[in-house]
Structures are given as structure tokens and as C-alpha cells.
Amino acid sequence: MTAVLEARDIVIKKGGRRILSVDHLAVEPGEVLAIIGPNGAGKSTLLTVLACLDLPTSGAVFFHGRRVTRANALAVRRRLAVVFQEPLLLDTTVLENAAIGLKLRGRRREAEAKARAWLARFGVGHLAAQQALTLSGGEAQRVSLARAFALEPEVLLLDEPFASVDVIARAGLIQEFKSILSSTGTTAVLVTHDFREVSALATRVAVLFDGTVQAEGPPEAIAAHPRWGALADPRTASGAGSGGCGWH
Amino acid sequence: MKKYLIFALCVLATAALFGCTPKAQPQSNSPTEESSSKEPVPPVSAPAGNKDVILATTTSTQDSGLLDVLIPLFEQKTGYRVKTVAVGTGQALAMGERGEADVLLVHAPEAEKKVVVSGAAINRRLVMHNDFIIVGPKEDPAKIKGSRSTVEAFQKIAKAKALFISRGDDSGTNKKELELWKAAQIEPKGSWYQESGTGMGQTLTIASEKGGYTLTDRATYLALKKNLSLVILLEGDKSLLNVYHVMQVNPEKFPRVNAAGGKAFADFMVDPETQKVIASFGKDKFGEPLFFPDAGKPDIY
Amino acid sequence: MDLVVQGLVKAFRLLLSGDPEVLEITLLTLRVSGLATLISLFLGVPLGLYLAVARFRGRELVVGAVNTGMGLPPTVVGLWVSILLWRNGPLGMLGLMYTPTAIVIAQAVIALPVVTGLTMAAVQQLSPKLRLQVLALGASPLQFWWIILREVRFGILAAVMAGLGSVISEVGASMAVGGNVRGYTRVLTTAIVLEVSKGNFDMALALGFVLMVLTYSITYALTIVQQRRRRW
């Protein structure tokens, strides 16, 4: 089985400094790959590259075995969806926000019906007519998730999607998200620093440290690992990796 | 949401277009009814070639209202459109020297001669004069009233260090004033001598507000008199004559000059009919004429 | 004080009687300044969007120039445009000096940095991650710019108001390149200057009143749109 999304020999340099160097990382169909690691490990940069929002300095990302180039990046992006930590909603109605992705793809006719359906599934259907900027943080992030699912992406990429949702609402949202994810069978890449999200959602984990993938495996294996296991323990997580790399 | 943006653009576009529609031929209806009824001259068909004549002139001819009477008359007669650029004499002459105007109507004889000598202007002809006057506060702190000459009056002002407002803008009036200081052998300097750097109207207003003396042409003073607390303190001295000449900008030196248009306007200014209009201008409003026609008289200036 | 009253009375009389010359001057003012603002929008909005997002060598120099340009004295613009448009200047063959077109050009130059600068500022207030999110939603380059434009529409509205306000009230450039030719290039501000120097203070006040009413009504219409979405 070929990977849906695959990174090969990726190097990213910024200002002459090498900040990411990933020899190989593949996302198989149907899996939920969690990328964990301390702040500054390059997780968000890696996600940006996987989402085809940025081309690597060298190496390449392959989508269904085809190399992603500047020329075909847009076409690939239109088969993916990304949810960031902030909801990043546009200054328009909730419905329009959820429908925008399909409209950009020229699928105007189905856009609003799909948007409504997904808003309802994330429990924010009643807010459809409201202006997006009047929503609370939790509501906004639900809209952001609905917006991504409305695209029915082949890979859903998420960068700390629950971090800006307050703790009380978070657990509920993660459970809802999990059931939607498994019922749709969506392939997903989840960048997070919270191992509880990893154990709840991920089928596989990649540990990113100092810009390179240090370990890959099922969540339980990583949790049991003598070095990376510390990442899974909320009490010691802040001391993980070589000393001083704090996480939040 | 885009409807907001579109609405905003519409407001602007309407503003722009609305202004556009009723704007037909700008000058077609501009000659006053008076002039067309007085003179049953049929409008001459538009002259071939360039219709626009650029007249560089001094603010005094415009501010006094004389041009508002003469220009429609000229346009009606000839079909030209005059673009009047009313600036200080210094700038008007500079426009001539650079070939940026077609015809000049100015009042600084010495400076005019230089422009003619340089070859930038030709066919300099005497048009009219009015006179300069010295105005100041009624109290006349320097006691210049009754002076026998302008030179004497200027010396008194300098001696008393009474406030004097100069235009300081290189205009014809300013040049005249500086000539007079020179004749009085005084170098105007010090806190009593202030340069306004503005036109005649503004300078008069400043002098009035500050209670200072100033040199002005009679026309502007009469036109503004109702707003000023200034009185005439010296007039009639020969050195105070303000003489206007018309000159054509030399088309041989500046090929882009509208030679025919410039000549037409210069000829119009010295035309006997025009001279009659000049002679009567201002009588109805001020009880006395503002300008005295001089065309054809020996040019001693 | 009675001068103010006189001015207001005269202004009302002028407005009610529909004095043809005042009407013509007012319409010309609207046409010239409206057109100049439109031109500055078509150039300044894309430029502002680009400057806000682009990274290139010397960008700071350009941004600095734009910010300086926002306070550019109209008289200086008038002088530069004059030098270009004079008969014997580089663009003299176009014969634009002392025409309404010349005023439009000068005013567009004045409004351009205002529109560019405010558009740029509006874009820079957006979250930098929004750029990635919009691309991630599958926007083509054109769709990307359209969405960003929509996001900053109220900022652009402010730019329109500031741009229009800066040109409709300027006198230096209009005087220099238009020449205040009666019935042709005389706009409200140059007419006011002339009436002041003629000593017709009441007329000047009346024209000033017309100018203020005009500016206020346009700005008011735009403000209504802008404030409809206030969140504070």
C-alpha cells in the first residue's frame, strides 16, 4: 500500500540554519499519525510542509507517490485540509466560513448544504447565521473543524487544534472529534504536545526532536520507551529531551 | 459581505460620474449676458489649431475682477479659451522665460525689459496703469500723511520703526516697494519690517490686523476696502504709478507656444473697444475707475 | 461674528438658488477628487496588499517612502507634477497642464500613499497565520488576494475616506497644476483661495461651507457602512 502523504529527505533551512531534517515520514491511509515533541522541535514547520503550504529547501513531499511541486501544490492542497491552533475564521458568517473551502473549489452548489451538515455535526449548526467573530473560542474552533471536514479531505492536518479550547470544553470536543474521525475513516496528522490527545486519537506516533524524527511507533510503545516515555508522562513532560527544552 | 465594498465603491464612482454628466463644454456659456447683449458680434468660429491660450498674469488683475469682465469678452470674440494663471509677477515672468505661457500681462517694467532682451518675450505693449498707494492705520504712527514724496514717507516709517508689511513674494508690487526703499537709501531690516510672503489681498488683511503700513495697488485696496481698517496715507506721487504691459511669449524660441492665440490676446488688450471697457471698469462698484487705459500712448516706462 | 452669519446665510442662499457657477465648481470638485481617489484605490490597494505580504530586498525603503508620502505636502506634489507636465517638460507633448486631468493626476499622487499605507496597515493587523489558513483552504493566488481584500474591507473603507479627505481639501496641487482657470479647472478649494484674496470673505465662507457639507455627506455615507459592523 502506498502512503497518502510521504516526506522524503526533507531539509528546511531558515536564515542559513537547518531547522528541520526528516529522512522519511509516511502517512498511511486510514491512520492517525501524531507528531509530538518539545517546543521548537519543528513540529509546526513539518506540518506546514506536509500540508504543501511551503516547499522544503531540499527533498520533497509525495502525495500518492507523486512529487509535490510548486506547479501542482494547489491541486494537492485542494485534497487536504488544515486546522490550526487558532480558529482563523474569516470575517463573515459562520455558514460562509464553513462553506468557503468548497466554494473556492468551484463546488458552489453543494457547499452550503455540506457546510450546514458539518456545522450540525460539531454542535454549532444553530450558529450558522451568526457573524464568525462573535463566537467564543470553543465555538470558533468547532466551526474551524467543521470547515475542514466539509472538504472531505484525503488527509486532515491538525496543528494543536485543541490547545486554544479551554480545559473544561476540551475533553468533550476531543471525544466528539474522535467519533467523527473514526466514523469517517479520515486519515489525519495531529501535531500536539499533549499525550492525552495522543492516547485518545493516534494510531501511530512520531517523535520529533531537534528537527529530526527520533522514534516512530504505536502510542503504547512510545509511552514505554526509556527516553521518549517521559513525553507521555504529564509530570515529567516538562523535563523531556535534553534539559531546558520546556514545553507548554 | 462584498456588497459593502461594492457599495462603497459605488458611492465614490457616483461621486466621480455624477460630477461628469452635466459637464459639457466648459466655457460655452460663460460670456456674461451683459457682454453678449451689448455686443451683437456673432461668435467667431473656433480658430484652427490650439484653442487654449495660457495667460500668465498678476494676482491684481484677477483679484480686482477685471479679468472676469475681459476674458469672457475675448473668448466670445475669438473662440479661444483663456487659461488664466494668476500668480506673482515674478512667477508670471518666469513662466514666460520658460515658455510655459503664451502671453503675459504684468506690471514690473524693469524686469519685463530683461525678459524682452533675453528673447523670451516679444512685442511688449503698454496697456494701462493704475497706481500704488501707501496705506496704513488711521492713527498714522509715523506721521507720513502729507509727505512730499514717497521717499520721504518711507524714510519716516523706517525712522519711527513703524510696522511695515511687505509682500516679500517677488511680485510686481514687491519689486516696486524694494525700488522705493533703495531710492530712500534704506535697507529695510529689523522687527518693524515683516514679509508676509502672500498675495496683495492677504498682505492687506495682515497689515490691517496688525496696524501696519503697506504698499498696495489701488485696485486691490478698493476691492477689499470694506474689510480693512486701513486708510490711504499717500497717493499721487509719480513714482507710484503701476504700469501694465502685455507681451507675447516668443514662439521662435519656444515652438510649443500658441503664437496666434497669444497675439490675439495681446491685440485684444490694446484694442480701442477693450480699452473703453477698462476705462469704465469699477466705476459702478467703487465710484471711481480702477485702471486707466494707456494703449497707444508713448511708452516712457 | 456677523461675518460668520453672513457667510452661512450666503451659503444657504447659494445652495438654494442653485447658482450655476457654484454648482459647476462643486461638480468638478466631486468629479476630480472622486476620480483621483478611485485611481489611487486601483493602484494603492494592490500595492498595499503586496507590500504587506511580500518580502524583498529594500522593502523597508519602499514602506518608509509610503509612510513619508502619507504626509507629502500637496504643494510639493503640485510642483513635481507641474515640472513633468509643463509644455517643455518630459510629458509636455500631452498638453495636460492646466486641465482637470492634471489635477486628477496630482491628487491621485497625493492619495496614493495614503491608500497604500492604510491598506498595508489593515492587512498587517490580520493574524499572520491567516495567510496559511487561506492557502490551506485551497485558495488559488487570485482567490487568496480576493479573500484578504475582503478581510480588510473596512480598513480599505477607512483608506477611501482618508484618501478622499486628503485630496478634496487640498489646494496647493490643484492651484499649481490646474491654474484655477474659471469654468475649467476651478475647484472648491482654489475658488475659496481666490475669494479670500478678492476680499469676498462671505463668499469664501459659503464655498467652504459647501465643501464641508460635501465632504461630510460622503464620509458619513461611508461611515454608516463601516460602523454597521462595529464590535466595540
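Order of the sequence lines fixes the chain letters, A, B, ..., with proteins taken first and strands second; residue numbering starts at 1 for each chain.
Note that CD1 of Ile224(C) and OG1 of Thr219(C) are 11.5 Å apart. Values are rounded to the nearest 0.5 Å.
Heavy atoms of Arg147(A) lying under 4.5 Å from chain C belong exclusively to its side chain. Both the backbone and the side chain of Leu90(A) come within contact range of chain C, judged by heavy atoms closer than 4.5 Å. For Asn97(A), no part lies near chain C; criterion is any non-hydrogen pair under 4.5 Å. With a 4.5 angstrom heavy-atom cutoff, Ser140(C) touches chain A via backbone and side-chain atoms both. Contacts of Leu126(C) with chain A are absent, with no heavy-atom separation under 4.5 Å from either backbone or side chain.
The closest donor-acceptor contact from the side chain of Ser33(C) to the backbone of Leu30(C) lies at 3.5 Å or more, if one exists at all. Lys129(C) contributes no side-chain N or O that, together with a main-chain N or O of Glu86(A), makes up a donor-acceptor pair within less than 3.5 Å. Between the side chain of Gln141(A) and the backbone N or O of Gln85(A), at least one donor-acceptor pair lies under 3.5 Å.
Judged by distance alone, the side chains of Ser166(C) and Glu170(C) never bring a donor and an acceptor atom under 3.5 Å apart.
Taking the six-membered ring for Trp and thresholds of 30 and 60 degrees, Phe149(A) and Phe122(A) have ring planes inclined between 30 and 60 degrees apart.
Annotation: maximal heavy-atom pairing with chain C below 4.5 Å, among Arg78(A), Arg79(A), Lys103(A), occurs at Arg78(A). Across Pro141(C), Gly138(C), Ala139(C), the residue that shares the most heavy-atom pairs under 4.5 angstrom with chain A is Gly138(C).
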